[in-house]
Amino acid sequence: MFESAINLLRALASLKLTLLGIVALLVGVLLAYFSQDRSSVWILLPLVILTVNLFAAIIFNPRIRQNSGLLMFHICLLMIAVLTLLSQLTSMKGRVELTQNAAFDAGSVTVVEQGVWHALDELQQVEFVQGDIQVEYTAGLRRGPTRSRLQLSDNDMIVVGDNLAFESRGYRFYTTSNKGFAAMLNWHAKDGSVEQGAIHFPSYPLYDWKQQNQWKSPTGEQLAFELMIDTPLDPEHDWLLQRVDRGGYLVVTLPGGAKHTLAPGETLELDNGLLEFEAIRMWMGYKIFYDPWLAWFFAAALVGVAGIAWHYTLKLSSSGSRRSAVVRKAGRGRVASTT
């Protein structure tokens, strides 16, 4: 039984299996990329095959075991394969939109990719409030730095950007190019209750010509909204996108087609309640990334590069020594023949 297991493990060290695993991994990556749910299931099996294949090669290939640098390199490759497998099982990617002055709610996160071992329990513990948003633009509407301020639970304020993350509970939040304006609404029901909400209009200034959205009231009335910005953007000059620079009003279209204009602070009386347009604010889109193995990836890569460098340094040194010995021997032969 033990001998059969050894023979099986030796067979798993085959280079043909390595080639098969690489091809399967390539196909798995393509299937995962083009699948609707971006599932990592297609990648897991090829990774397992390559991990077992590399482990078997380290054990049964004497050329690897007898060279310290080469052994170090292959052990690091094995670590990277294992870490990649763990990353696929535990990592998470998502996105969320947050309105100014609104607290982060994990329930509003759209999960883009999620490993089968990843639970969102820790994400529920992330707490911060969206603060002011500023986005620099140069002439020609070329987007520059984004500065999104977040207020933490201890009242500290931090700034997040496209390449400057806010990290909490292992989750990293980065700003995206997706941002725009939001209409803050209050719905006053007949029974005296009040519901608050925000309508996010399409990304600005990408869709400055189409600041429209729809909303269904708590009593079922379907309303259409169009946000009209008082100060239009100027594509010929540098400018700063932020809430204080933009005033505006809201055009509300009722189910029958009647239109009403609301300025911030004004109300519209409907059959089943009162709609109040409170204010114009901004919203910011974030991408969320979770992978606890990144530091280990970096360490394994550094050690692996050191190992392969050591291997080739010794190899070149040994080759140079052999060439020197051959030259010296040839030189002694010529002297002897001349004499």
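Values below: every heavy atom of this structure, side chains too, minus hydrogens, waters and symmetry copies.
Across every non-hydrogen atom of Phe73 and Gly304, the tightest pair is CD1-O, 3.3 Å.
Two residues are said to be in side-chain contact when any heavy atoms from C-beta on lie closer than 4.5 Å; Tyr174 and Val160 fail this criterion. Side-chain contact between Pro202 and Trp209 is absent, with no heavy atoms from C-beta onward closer than 4.5 Å. Residues Gln88 and Val116 are not in side-chain contact: their nearest non-hydrogen atoms beyond the backbone lie 4.5 Å or more apart. When side chains are defined from C-beta on, Asn186 does not count as touching Glu195, because their heavy atoms never get closer than 4.5 Å. No side-chain heavy atom of His237 sits under 4.5 Å from any side-chain heavy atom of Thr138. Contact of the Gln114 side chain with the Leu120 side chain is registered, since non-hydrogen atoms from C-beta on lie closer than 4.5 Å. In this structure the side chain of Leu250 reaches within 4.5 angstrom of the side chain of Leu185, judged on heavy atoms. Arg281 places a side-chain heavy atom less than 4.5 Å from the side chain of Asn101.
Side-chain N or O atoms of Asp238 include one that pairs as donor or acceptor with a backbone N or O of Ala139 at under 3.5 Å. A donor-acceptor pair under 3.5 Å links the side-chain atoms of Gln100 to the main chain of Met282, judged by distance alone. Looking only at distances, no side-chain donor or acceptor of Glu236 sits under 3.5 Å from a matching main-chain atom of Gly140. Checked by atom type and distance alone, the side chain of Ser217 pairs as donor or acceptor with a backbone atom of Glu221 at under 3.5 Å. Side chain of Glu266 to main chain of Ala263: a donor-acceptor pair is present (N/O by atom type, distance under 3.5 Å, no hydrogens or angles). Using modelled atom types, one side-chain atom of Thr84 and one backbone atom of Ile80 make a donor-acceptor pair closer than 3.5 Å. Listed for the Trp283 side chain is a donor-acceptor partner under 3.5 Å among the backbone atoms of Phe201. At least one donor-acceptor pair under 3.5 Å links the side chain of Thr175 to the backbone N or O of Gly161. No donor-acceptor distance shorter than 3.5 angstrom exists from the side chain of His311 to the backbone of Gly307, with no hydrogens or angles considered. No donor-acceptor pair closer than 3.5 Å links the side chain of Ser14 to the backbone N or O of Ala11.
By the criterion of side-chain heavy atoms lying less than 4.5 angstrom apart, applied directly or through intervening Ile, Leu, Val, Met, Phe, Trp or Tyr residues, Phe181 is grouped together with Leu262 in one hydrophobic cluster. Residues Met184 and Phe277 do not share a hydrophobic cluster, clusters being chains of Ile/Leu/Val/Met/Phe/Trp/Tyr side chains in contact below 4.5 Å. Under a hydrophobic-cluster definition in which Ile, Leu, Val, Met, Phe, Trp and Tyr are linked whenever side-chain heavy atoms come within less than 4.5 Å, directly or via other members, Ile22 and Leu25 are assigned to the same cluster. Grouping the Ile, Leu, Val, Met, Phe, Trp and Tyr side chains by contacts below 4.5 angstrom, directly or via other members, places Leu86 with Leu45. The cluster map of Ile, Leu, Val, Met, Phe, Trp and Tyr, joined by side-chain heavy atoms under 4.5 Å apart, puts Trp310 and Ile64 in different clusters.
In this structure, Leu270 CG and Thr267 OG1 are separated by 9.5 Å, a value rounded to the nearest 0.5 Å.
Enclosure of atom CH2 in Trp296 is not indicated, since only 12 or fewer non-hydrogen atoms of other residues, nucleotides or ligands lie within 6.0 angstrom. In this structure, Tyr137 places its OH atom where more than 12 heavy-atom neighbours from other residues, nucleotides or ligands lie under 6.0 Å away. Lys216 NZ: 12 or fewer foreign heavy atoms inside a 6.0 Å radius. No more than 12 heavy atoms of other residues, nucleotides or ligands lie within 6.0 Å of CG in Asn163, so this atom counts as exposed by the packing criterion. Around the CZ atom of Arg65, the shell of radius 6.0 Å holds more than 12 heavy atoms that belong to other residues, nucleotides or ligands.
Using modelled atom types, one finds no donor on one side chain facing an acceptor on the other under 3.5 Å when comparing Tyr171 with Gln125. At a cut-off of 3.5 Å, with distance as the only test, no side-chain donor of Asn178 or Thr176 sits close to an acceptor on the other residue.
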Practice problem: Step by step, work out the side-chain hydrogen bond (donor to acceptor under 3.5 Å, both in side chains) result for Glu113 and Ser91. | Solution: CA-CA 8 Å; Glu113 297 179 23; Ser91 64; 5.9 Å; no
Practice problem: Tell me, with the steps shown, if Asp291 and Ser87 meet side-chain hydrogen bond (donor to acceptor under 3.5 Å, both in side chains). | Solution: CA-CA 6 Å; Asp291 192 337; Ser87 177; 2.5 Å; yes
Self-check item: Test side-chain hydrogen bond (donor to acceptor under 3.5 Å, both in side chains) applied to Gln134 and Gln242, step by step
Solution: CA-CA 5 Å; Gln134 293 180 333; Gln242 58 183 347; 2.8 Å; yes
Quiz item: Going through the checks in order, is the side chain to side chain contact (heavy atoms under 4.5 Å, CB included) test met by Ile58 and Leu71?
Solution: CA-CA 7 Å; Ile58 292 173; Leu71 178 62; 3.8 Å; yes
Practice problem: Go through the steps to decide whether Gln130 and Thr99 satisfy the test side chain to side chain contact (heavy atoms under 4.5 Å, CB included), and finish with yes or no. | Solution: CA-CA 7 Å; Gln130 177 65 58; Thr99 313; over 6 Å; no
Practice problem: Give the C-alpha distance, both sets of side-chain angles, the deciding distance and a yes or no for side chain to side chain contact (heavy atoms under 4.5 Å, CB included) between Leu12 and Asn53. | Solution: CA-CA 5 Å; Leu12 290 174; Asn53 171 253; 5.6 Å; no
Practice problem: List the steps and the verdict of side-chain hydrogen bond (donor to acceptor under 3.5 Å, both in side chains) for Trp293 and Thr90. | Solution: CA-CA 9 Å; Trp293 309 105; Thr90 60; 3.0 Å; yes
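Judged by the 6.0 Å and 45° rule, Lys315 forms no cation-pi pair with Tyr312.
Arg143 and Asp162 are joined by a salt bridge, as a carboxylate oxygen and a charged side-chain nitrogen come within less than 4.0 angstrom of each other.
Between His260 and Phe225, the ring centre distance reaches or exceeds 6.0 Å.
Looking at Phe289, Phe128, Tyr290 one by one, the single match for ring-ring contact (aromatic ring centres under 6.0 Å, His included) with Phe173 turns out to be Phe128.
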